[in-house]
Protein chains: 2
Amino acid sequence: MQNANLTMKKIAKELGVSVSTVSRALQNHPRIGSLTREKVQKLAKELHYQPNSRAINFKNNKSFNVGVVLPYLTEQYFSIALTGIEQTLMSKGYSMVVMQSMNDYERESAAIESLIKHGVDGILVSMASETYNKTHFNNATHKVPIVFFDRVLKHPRYSAVYGNITKAAFDAMEYLIGKGFTEIALMNGPNSLQSTEERLKGYIDGLKKYNIPVSASYIKNLNLTKEDTILKINELLDLENPPKVVLAFHDYIALDAMQICKERGLQINRDISFVTFSNLSFCSYLDNPPIATVEQFPAELGAQAAGLLLEAMETPDTYQPREIVVEPKLIIR
Amino acid sequence: MQNANLTMKKIAKELGVSVSTVSRALQNHPRIGSLTREKVQKLAKELHYQPNSRAINFKNNKSFNVGVVLPYLTEQYFSIALTGIEQTLMSKGYSMVVMQSMNDYERESAAIESLIKHGVDGILVSMASETYNKTHFNNATHKVPIVFFDRVLKHPRYSAVYGNITKAAFDAMEYLIGKGFTEIALMNGPNSLQSTEERLKGYIDGLKKYNIPVSASYIKNLNLTKEDTILKINELLDLENPPKVVLAFHDYIALDAMQICKERGLQINRDISFVTFSNLSFCSYLDNPPIATVEQFPAELGAQAAGLLLEAMETPDTYQPREIVVEPKLIIR
DNA sequence: CTGTTAGCGCATTCAG
DNA sequence: CTGAATGCGCTAACAG
């Protein structure tokens, strides 16, 4: 039963040497007698000595913890991103403190503050959809570096890793138009998210390229709640000319929308089809899955963002904030 | 642009008072002049003073971080549990450092060690299915309290929060037998998990109560990989008397098994049905979902475990390790 | 090669 | 009411 508060001091006293000798022996410092070294290391092992991490954190002013703030852990997209982050951080001895914003500005802001208070060395953020105010980021960045991933804030002060959504949306449109679809609706996200604008641009670019008129009634902004999804899909289905295919902000939107379609007697992939962003694994278990989906490689986004953050934390003097774009891929089912 | 390394010392110098005066003023210590207090607090606010958390951690020998080790973040069951944990911890000012074991003993062991090294105040664990050796827990528990949730280690030294799986399995069996099923297979987990044994007991108890013979060929242990699921469901379907319903260890097993059934030309819920544990949200989007499922309330399990850990950390002298059982609920679809 | 000293930021004792 | 001194555990500069 080893002592939980075993310090170098005690080892030193036990052995009749000084604390600094113990310190040097334990870290294989060159200027130490091999005999002393062995003696110290032996006793330390016997007593299960473990350095007090809090003292080391204090001394080095570093915790080897990074904070991660994201909307929902329960959205598989983000838990996959976390996996990429964990992997990258782990390889450098860092671990991650995770907090959910639940798309709420207040929670996000509180999370950032709390992380700073907990002494993380850096922060990774995927922004809440309700975030309208950026002061919490600006305050935090004076203390530790911040890197955004997926739901990013584009600003020269911040690094950001994100997918080329405009291109992905455009590719999806080309695919659909190539399949003969023209009545294509867009169930987009909230305007607070950068990627909402990008999806819209890809959508419109696609229509324009093939001279298909843009119909405002086919374009819906959602706030990412289930209720709003239900509202908006019903609006689309109530149109005189309901869409034959829907490009959905992500899989969760599509699933809820599909549910409504089915309830209204439509058959998925006959009366109406879906194309989605995310490519969540469980969609492959559906009998009538989305006909195509944009894989955004969340693990890669997370890993790249973690890589940038590591650089920012380890070489702050030379680090230049920058952006990394990961190319999504359209997957046809 | 506030100084990132603003210490009490600087405030003290600026104001021509001593550091201890600043310290007292900032924490509203009783023995301080209200004038001095105001003066100090005003300047501290102006300069955006924030106490150095690492110094405080060091001084108090406490980090307000707890570690959480679980199999997979990407399994929604665990991310829901995390949400319960986060909520409970947050209310007491703690945050969580998350690590995935990926059901691997080595990873789990390394995670525990790493958490200790990172200086967490306590650890929550949902065990890896491959964990055969408990020394990593025993070593860690000398340094910080450990509480298990869901996939628990039952031992008087440890606290544990888990569902009454035996009862839940039994209830499921009664339901199925009541519906007229007798050819009921059990796709169970690995023997390393406590809950595997419990499912088996509930399964057998159910059969026995209604005098249905227990057939060894209907009982399969899986290692929770997709490959093994495919192997075992095929074995079941290849029997002379294939089962009419399968009680599955959890939803992911059922989904993969269903896929194979469909590939083999069976129609779900006509030729073969499933009952599962977990009740993951996306199952409700399936055209032919499991006919019943055991809701285990992972958020509740996580929250209760976090509550026990908080008690263990905050009142270590009086804390008695104990177990909390959360009653699952059979949900009929 | 090893011991002594100093200091990281803060809270807390002990003096005044 | 306030200041000076102490120590938390560890590393590192400085002496010897």
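This one's a predicted model, so the numbers in the text were calculated from it and none came from an experiment.
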Could you list, one pair per line, each protein nitrogen or oxygen that sits under 3.5 Å from a nitrogen or oxygen of nucleotides 14-16 of chain D, together with the distance?
none

For atom [atom1] of [X] and atom [atom2] of [N], their distance in whole Å:
X: A/K10; N: D/dC10; atom1: NZ; atom2: P; answer: 10 Å
X: B/Q27; N: D/dT2; atom1: CD; atom2: C1'; answer: 14 Å
X: B/E38; N: D/dC1; atom1: CD; atom2: C1'; answer: 16 Å
X: A/R54; N: D/dT11; atom1: CZ; atom2: P; answer: 16 Å
X: B/L35; N: D/dC1; atom1: CG; atom2: P; answer: 11 Å
X: A/Q50; N: D/dG9; atom1: CD; atom2: P; answer: 15 Å
X: B/K62; N: D/dG9; atom1: NZ; atom2: C1'; answer: 19 Å
X: A/H29; N: D/dA13; atom1: NE2; atom2: C1'; answer: 10 Å

Could you tell me which residues satisfy ring pair (Phe, Tyr, Trp, His ring centres under 6.0 Å) with [X], sequence neighbours excluded, listed by chain and number?
X: A/H118; result: none
X: B/H155; result: B/Y158
X: A/Y105; result: A/Y132, A/H136
X: A/F297; result: none

Under 4.0 angstrom, heavy atoms only, what part of the nucleic acid is B/S23 near: base, sugar-phosphate, or nothing?
base
[X]: which residues meet the side-chain contact (heavy atoms from CB on, under 4.5 Å) condition with it, sequence neighbours left out?
X: A/A128; result: A/S101, A/N103, A/E108, A/T131
X: A/A303; result: A/T88
X: B/E46; result: B/K42, B/L43

Applying salt bridge (Lys or Arg N to Asp or Glu O under 4.0 Å), which residue pairs with at least one partner in residues 51-64 of chain B are found, sequence neighbours left out?
A/D121-B/R54, B/K62-B/D121
Considering just the side-chain nitrogens and oxygens of A/Y49, establish if one lies under 4.0 Å of OP1 or OP2 belonging to D/dG9.
no
So which one's nearest nucleotide on DNA chain D is more toward 5', B/V19 or A/I56?
B/V19
Report the residues that fulfil side-chain hydrogen bond (donor to acceptor under 3.5 Å, both in side chains) with A/E106, sequence neighbours left out, ordered by chain and then residue number.
none
Would you kindly check if the NZ (Lys) or CZ (Arg) of A/K117 is within the cone defined by 45 degrees around the ring axis of B/F64 and under 6.0 Å from the six-membered ring centre?
no
Report, one pair per line, the protein and nucleotides 5-7 of chain D atoms (nitrogen or oxygen only) whose separation is under 3.5 Å.
from	atom 1	to	atom 2	distance (Å)
D/dG7	N2	B/K59	NZ	3.4

Chain B reaches DNA chain C, atoms under 4.0 Å from its heavy atoms, from C/dC8 to C/dT13
Answer with yes or no whether the side chains of B/S23 and B/Q27 bring together a donor and an acceptor at under 3.5 Å.
yes
